[in-house]
Structures are given as C-alpha cells and as structure tokens.
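Shown next, in structure tokens, is the structure this report addresses.
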Amino acid sequence: MLPSRLDPVAPTDPSSTANPSFHADPRGTGWITFDDPDRQLNVLTEEAMRRLGESLDEARGAARAGRIDVLVIRSGKADSFVAGADIDAIVGIEDPTEAEAKIRMGQAIFNDVGSLPVPTVAAIHGACVGGGLELALACDYRVVSDSAKTTLQFPEVMLGLLPAWGGTTRLPRLIGLRASLDMLLTGRGVRAAKAKKIGLATAILPAAIFDSKVQDFARELLKREVDRRGGRLKHLARAAERSWPGRKDILTMARKKVTESTAGHYPAPLRILQILDDHFGGEVEASLAAEARAAAELIVAPVCKNLLHVYHLREAVRKGTGVADAEIRPRTIAELGVLGAGVMGGGIAHLAAQNDVRVYMKDIRHEAVTSGLQHARSRFDRVVERGRMKRREAAQRMELIAGGLEYHGLGPADVVVEAVVERMDIKQQVLREAEQHIGDQCVLATNTSSLSVERMAEALERPGRFCGMHFFNPVDRMPLVEVVRGAATSSQTVATVYGFALALGKVPIVVGDGPGFLVNRILGPYLNEAGFLLGDGASVEQIDRVAKDFGMPMGPLRLIDEIGIDVSGHAGASLHEALGDRLTPAPALAALAGTKRLGRKGGSGFYLYEKGREKGVDQSMYEALGSVPPAATDFDEKAIRTRLLLPMVNEAARILEEGIARCAADVDLSMIMGTGFPPFRGGLLRFADTLHPRSLLESIRELQEEHGDRFEPAPLVVTLADEDRTFYEAFPDETHE
Ligand SMILES: NC(=O)c1ccc[n+]([C@@H]2O[C@H](COP(=O)([O-])OP(=O)(O)OC[C@H]3O[C@@H](n4cnc5c(N)ncnc54)[C@H](O)[C@@H]3O)[C@@H](O)[C@H]2O)c1
C-alpha cells in the first residue's frame with residue numbers, strides 16, 4: 001500500500017535509530033521524529049518519554065548554538081502521529097503515590113517543550129491520541145493534515161481516566177471551556193476541519209506534501225506573527241466563559257448531564273469537572289498538580305482497572321481470528337448474499353453496503369424485497385441525518401444492494417447469511433437450495449437466534465462451510481455478533497465469518513451450538529427471575545431501578561417490553577423446552593404473554609408508550625396479573641439484586657462447562673456488547689470473581705433453599721468453591737491469538 005504522504009525527502013536523520021530522535025536541518029529547522037521501530041503506532045512508553053526528554057535537551061542545545069530557530073515535532077509513521085501513553089504500563093500500577101510521581105515526570109517533560117527558546121510546532125498527520133495530543137498541546141502551534149485519517153482525541157475518560165500530562169489543563173485554556181468539555185467528557189475525537197474551527201489546530205495542510213508544507217509553515221512563522229489558535233471563540237463567548245458565573249453555569253450543566261448519563265458510576269468525568277471548577281482561569285501549575293493527583297487516584301481504582309480489562313478484551317478480539325490455528329487466515333469478503341429481506345436481512349444488507357460490500361438480497365415475495373431495500377435505505381438516511389455520511393455517498397452505497405426472487409444472484413457471493421423466518425424446516429430448505437447456487441469457497445451462515453446450527457447443517461452437502469452468524473437487533477447499533485461453531489464447522493469457515501464481522505465493525509465472539517447460544521441463554525434466567533420477583537410482590541419500578549442502579553442500561557422488565565412480550569415469551573418457552581425445569585416461565589410472564597400487551601411496539605407492556613416513547617409504568621398491568629400495584633419500596637433491594645444477578649452467573653457457569661463459551665472473557669465481552677452489561681464492572685464473571693468462590697456458592701444455595709431448584713448451583717460453581725478458584729483462573733483466555 002502506498003503511504004498517503006508522498007514527500008520525496010522526509011526530514012529524518014537516517015543515522016539515528018533512537019525513538020524519538022532529534023535532527024537539525026540546514027535551513028535551521030529542528031525536527032523531533034517519533035518512529036518506534038518495534039510498533040505499528042508510536043506509543044509514549046517510559047523509554048520513549050526518556051528519549052523525548054533527551055531530544056528536547058539536544059534541541060535546546062541546538063537553539064542556544066544558533067543551529068535551529070524553530071522546532072517541529074512529527075511522526076515518521078506513514079499514517080499516524082502519536083497514539084498515546086502505554087496502556088500496558090498503566091494496568092500494573094497499584095500505588096497512587098507511584099502513579100502520581102510518574103505522571104508528574106511526564107508533565108515535566110511536556111513543560112520542557114513549552115520552555116524551549118524557539119517556537120514549537122506539532123505536525124499532526126493521522127491519529128493524535130491521548131498523550132500524543134497532550135504533547136501537541138504543549139507546543140506553541142499545531143498544524144494538521146487534511147487527511148480523513150487525522151483525528152485529535154482524548155479517549156482517557158472511556159478508560160476511567162483523565163488526560164493528566166497537561167491535557168485537562170491546556171485544552172480548555174486553548175479552545176475554551178465548552179468545546180473542551182465536549183472532547184474531555186465524551187472521549188470523542190475531532191477531524192482536521194473541526195480542529196481548525198474550534199481553535200485546536202492553527203492550520204490545515206495538504207497530506208500529500210505534508211512535511212514540506214510543515215517546513216514552509218515553520219519558516220513562515222519566523223517572518224510574521226501567526227495566531228496560535230486557528231479559529232477563535234467569539235469574543236463574547238470567551239468573556240462569558242472567563243466570568244465566574246458563566247463558568248459556573250457551564251460546569252453545573254455539564255455535571256448534571258454527566259450524573260444523568262452515568263448514574264455516578266464513572267468517577268473520571270466528575271473529576272475532570274472538579275479540576276476545571278477549581279483551576280480553570282487559575283495557575284497552570286496548580287491545575288497540573290490537581291490533574292496528576294486525580295489521575296493517580298483513578299488509575300488504582302476498580303472502575304479504571306475494569307475498563308482497561310474490557311479494553312484489552314476488545315483488543316484481543318480485534319487482533320484475533322476466532323480460531324486457534326495461526327495458519328488459518330480469513331478470506332476477504334467483497335460480495336454478500338442475504339436470504340430473507342426482513343428486519344434482519346435489510347439491516348445486514350445496509351451494514352454490508354455501508355462497509356463497501358456488494359449485496360444481493362433474496363426473498364420469496366417482491367414486496368418483501370422492496371421493504372428490505374426500504375429498510376436499508378432508512379438506515380442510510382439515519383446515518384446521513386447524523387452527519388456521518390454525505391447524502392451522495394449514501395446513495396452510492398445504496399446502489400451496492402440489489403434484490404430479487406432468484407437464487408442466481410448468489411453466484412458471486414463470498415458469504416451468504418440466511419435470515420428467513422425462524423422455522424427449522426424452512427431454513428433447512430432455503431439453505432439446501434442456496435447451496436446449489438453458490439461457489440466452492442462461499443461460506444453459508446444462519447442468523448437464527450434459537451435454532452440448532454448443527455441440526456440445520458444436516459440439510460447441507462458440505463456442513464463444514466456452515467456456521468451461525470448471530471447479529472442482534474438493531475443490526476447497525478448492536479456491536480455483538482455470535483459466531484456459532486457447529487461440530488462440523490471448519491476452522492476456515494469460522495475465521496472467515498469472524499473476519500467478516502470485524503470488517504463490518506462488529507465484535508465477534510465464537511460460541512458453541514446450544515439453546516440461546518451465549519447471550520440469550522444468560523439473559524433467559526435473568527428476565528424470568530424479574531417475573532418471579534413481580535409475582536412475589538416487588539414493583540416494576542423497584543425491580544428495574546435496582547438493575548439500573550447496578551449499572552444495566554435498562555431494567556429487565558423494560559427490556560422485555562423492548563424485545564416484545566410475545567417474542568420474549570417464545571424465547572423463554574424454547575429455553576424452557578431445551579433446558580428443563582429451571583427455566584419454567586414465571587407465572588407473571590406467562591400470564592402476560594397470552595394478552596394483547598406486546599411491549600413497546602404495541603404501545604403497552606409493563607410500561608406505557610406514546611409514539612414509541614416510554615411514559616411510565618402501566619399500573620393497569622397489575623390487573624392482568626390479578627394483583628394490585630405494590631408500594632414502590634416494599635421489597636428488600638439487596639434480595640432483588642441477588643436474585644437478578646446470581647442466576648446469570650450460574651447460567652454462565654453452565655455455559656463454560658458445556659464449552660458453549662471458550663473462556664470467562666468471552667462471556668464477559670459478549671454480555672457487555674450484547675446486553676450493555678455495565679463495562680465499569682468489567683463483565684459478569686469478573687464481577688462474580690470479586691465475590692469469594694465459596695460465598696458465591698453459599699449465596700446461590702441460600703436462594704435454592706428459599707426459592708427452589710431453579711437456583712440449583714451449577715456443578716462448576718461447586719467445583720470452583722471446593723478448589724477456591726475464580727472463573728478467570730479456571731477458564732483463562734488462551735484461545736485468542
Ligand atoms: N428480529 C430480531 O430481533 C432478530 C434478532 C436476531 C436474530 N433474528 C433472526 O433473524 C431471522 C429473521 O428474522 P426477522 O426478524 O428479520 O424476520 P422477518 O419476518 O422480518 O423477515 C423474514 C423474511 O424472510 C422471508 N422469507 C420467508 N421464507 C423465505 C424463503 N423461503 N426464502 C427467502 N425468504 C423467505 C420473508 O418473506 C421475510 O421477508 C430469524 O431467524 C430470527 O430468529 C431476529
């Protein structure tokens with residue numbers, strides 16, 4: 001692949017292997033170049049920071065000797081600047097005093113950038129993230145390339161941290177409070193044009209001749225005064241931010257928003273706000289000290305450790321292939337076939353086209369094809385409305401999707417995903433027919449959410465190239481894809497579907513064939529127990545509030561409304577049939593499944609809905625259950641929490657034992673990506689591992705004594721208690737390459 005920068009002469013010192021390295025060119029420009037020979041991206045490891053300190057000393061010496069009159073900090077990588085601090089190093093830190101000292105050292109090095117006797121320029125092409133952006137902020141000027149790859153971002157908050165090498169202090173001083181809160185509190189990045197607009201970048205330069213334009217910019221600087229900020233806050237807005245009441249207003253509103261969206265579970269954004277409250281407009285040094293202290297406390301706290309754990313799980317999935325054999329590589333997918341142009345088929349077609357994959361959708365009715373295309377179009381409209389794609393581009397992508405009633409269109413497909421009605425006989429027939437029309441290398445996959453992949457494969461001549469590819473609804477929003485491996489599925493098939501899911505921007509997890517696969521099976525007893533709690537006299541409000549207080553995005557009864565009371569009832573019944581008595585539907589849920597209450601789509605369920613928006617609990621629902629609305633606080637909240645969470649842990653233990661999940665990490669990432677299980681807890685089993693294995697067993701046994709055998713401890717829970725081992729110890733993550 002050609003680098004996007006075509007400069008004939010890169011201003012590096014070829015004799016230097018240090019990273020970063022300093023080099024003075026004959027025109028008097030000094031260059032500090034980051035180019036880690038051992039990594040794809042430049043990372044600010046301890047060694048790189050030490051070398052940066054040395055390079056700055058060299059630059060200072062060169063400036064004093066009159067050999068340079070301006071310094072540029074740049075990257076030697078083709079498409080990225082500096083990707084931030086070394087996350088692996090953060091994971092191991094347990095002592096806040098040690099953390100604070102390390103952060104202060106980093107700050108001191110970045111302060112050195114600002115104290116050089118010559119102007120400094122950060123030349124940013126590609127990703128400029130975290131510590132990379134803090135380095136850029138320590139410079140006098142920031143110029144960015146016009147490449148789409150150029151993004152400036154502080155993702156720290158997403159890892160439970162805050163930018164502590166001066167980012168929290170310098171960003172608001174440069175671009176104002178409001179714009180900086182947008183970046184600091186959300187972790188969202190900005191592209192070149194936005195960076196210029198908000199005053200983060202001084203200038204935008206063409207990517208193709210970036211280095212020489214940077215050189216021109218640096219020389220020009222010396223001739224005339226250039227405003228450090230590219231854009232400028234309107235005078236009045238800046239004055240308002242500087243005034244004490246104006247600042248208070250902005251921070252109070254931001255705090256309110258953060259508290260609402262995080263329910264207080266994530267401390268980092270609140271710490272950021274506190275630092276700005278105490279120090280914005282005040283001394284830089286005091287602000288830096290507060291940054292370091294806050295970050296040191298956050299680094300050693302469980303929320304940050306859990307978020308880093310989830311980050312690592314995601315990275316492992318992103319780098320993996322889904323199979324243990326390192327020789328097997330996924331095949332590239334350029335053409336996709338979709339069988340069934342319904343809600344899921346249309347959604348999958350849209351997702352594929354959005355990612356440059358050509359699609360042929362086959363159905364048995366013209367109207368279905370038309371509505372599948374319409375569904376895909378409506379998804380593109382949403383992307384356009386959100387400003388993520390230009391209308392013309394969306395129209396071009398839409399043209400990648402064709403549809404019809406014939407199988408012939410499947411001929412060129414590399415993968416065919418089946419998404420027809422949920423019936424074994426129909427699916428087997430459709431797959432058998434499709435198999436006659438596809439190429440030798442083409443992989444077949446089913447999007448079934450409840451039927452056996454292995455039984456379905458019995459209809460095929462070549463079951464080795466068949467597996468499950470279970471997307472969740474809505475396809476464009478739910479990140480998880482369960483790749484279901486049947487007994488006959490080949491590793492090549494798994495790797496190809498796994499790679500395809502990654503290419504679509506999804507998080508694939510390989511699971512075994514079994515009722516409800518992984519996520520729906522664990523959700524089954526959780527949702528069912530909410531029904532039992534309701535029957536035992538807990539209110540809808542209280543049950544859902546306890547789940548939300550734990551960190552779930554919505555309570556279990558609200559979730560049943562979302563899934564549809566009918567659909568959830570069917571799923572519950574099929575889990576009951578497959579797994580036996582412990583999944584006997586709770587009487588309250590069974591009673592509602594037979595009524596016209598369908599949940600959100602029908603306007604009423606446990607809650608009432610107007611135009612799809614929830615309007616509070618529907619008290620008349622209790623009548624359908626033959627009960628009266630209970631007082632909202634009657635029930636013991638700890639009991640609700642235990643009864644909701646432990647059945648999930650117990651079911652996850654069975655899933656591990658049966659080999660449906662390969663490791664504890666797969667359970668955790670699936671639940672986070674498939675149900676929104678709170679990331680700050682690190683995952684279901686990581687949470688379970690914080691309880692002692694013996695007390696976990698005791699708690700489940702107590703529930704069994706009180707409520708019956710649906711709480712019978714899974715054999716694995718008993719074994720782990722005997723052996724005093726955690727889930728992560730017993731099922732470590734060894735399969736991700
Ligand atoms: N809807 C969900 O929430 C969801 C989530 C995950 C998985 N799934 C699974 O996805 C599959 C499809 O679900 P859906 O909600 O999109 O259903 P849907 O009813 O919206 O669409 C099914 C489509 O299949 C078509 N069809 C029926 N027989 C066919 C045949 N012989 N050949 C070609 N097309 C045929 C129908 O005309 C219809 O357009 C099911 O297996 C379902 O379990 C659904």
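None of these values were measured; they are calculated from a predicted model. Just so you know, ligand 1 is whichever comes first in the structure, and atom 1 is the first atom listed for that ligand.
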Practice task
Find out whether L684 and V649 are in side-chain contact, i.e. whether some heavy atom of one side chain is under 4.5 Å from a heavy atom of the other.
Solution key: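 With C-beta onward as the side chain, the pair touches.
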Exercise for the section: Answer whether the closest heavy-atom distance between the side chains of F727 and P732 falls below 4.5 Å. Expected result: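 No, too far: nothing below the 4.5 Å cut-off.
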Does a side-chain N-to-carboxylate-O contact under 4.0 Å join [X] and [Y]?
| X | Y | value |
| --- | --- | --- |
| D513 | R455 | no |
| R582 | E712 | no |
| R654 | E658 | no |
| R379 | D476 | yes |

Is it true that [X] lies under 4.0 Å from ligand 1, counting heavy atoms only?
| X | result |
| --- | --- |
| Q429 | no |
| F472 | no |
| L339 | no |
| H470 | yes |

Which residue and non-hydrogen atom of the protein lie closest to [atom], and at what distance in Å?
| atom | result |
| --- | --- |
| atom 9 (C) of ligand 1 | N447 O, 3.3 Å |
| atom 27 (C) of ligand 1 | I364 CD1, 3.8 Å |
| atom 43 (O) of ligand 1 | E422 OE1, 2.8 Å |

Practice task
Ignoring hydrogens, just give me the one of V338, V369, V420, D363 whose non-hydrogen atom is nearest atom 39 (O) of ligand 1.
Solution key: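 It is D363 whose heavy atom sits nearest to atom 39 (O) of ligand 1.
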Problem - Shortest reach to atom 22 (C) of ligand 1 by a heavy atom, considering only S371, A419, A341 - result: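 Checking each option, the heavy atom nearest atom 22 (C) of ligand 1 is found in A419.
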Atom indices of ligand 1 within 4.0 angstrom of [X] heavy atoms, with elements:
| X | value |
| --- | --- |
| V343 | 16 (O), 20 (O) |
| N473 | 1 (N), 2 (C), 3 (O) |
| V430 | 30 (C), 31 (N), 32 (N) |
| A368 | 37 (O), 39 (O) |
| S449 | 7 (C), 8 (N), 43 (O) |
| K427 | 40 (C), 41 (O) |
| F471 | 6 (C), 7 (C) |
| T448 | 41 (O) |

Handout entry: 4.0 Å protein heavy-atom contact status of atom 17 (O) of ligand 1, strictly under
Key =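 Looking at atom 17 (O) of ligand 1, one finds that no protein heavy atom lies closer than 4.0 Å.
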Handout entry: Ring center gap for H309 and Y728 short of 6.0 angstrom
Key =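 Yes - the distance between ring centres of H309 and Y728 falls below the 6.0 Å cut-off.
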Cation over ring face, [X] and [Y], 6.0 Å, 45°:
| X | Y | value |
| --- | --- | --- |
| K615 | Y607 | no |
| R558 | F606 | no |
| R710 | F532 | yes |

Exercise for the section: Tell me yes or no: between the side chains of Y311 and N306, is some donor less than 3.5 Å from an acceptor? Expected result: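 No, no side-chain donor-acceptor pair sits under 3.5 Å.
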Exercise for the section: Compute the shortest N/O to N/O distance between M344 and ligand 1 and return yes if it is under 3.5 Å, no if not. Expected result: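 Between M344 and ligand 1, an N or O pair is found under 3.5 Å apart.
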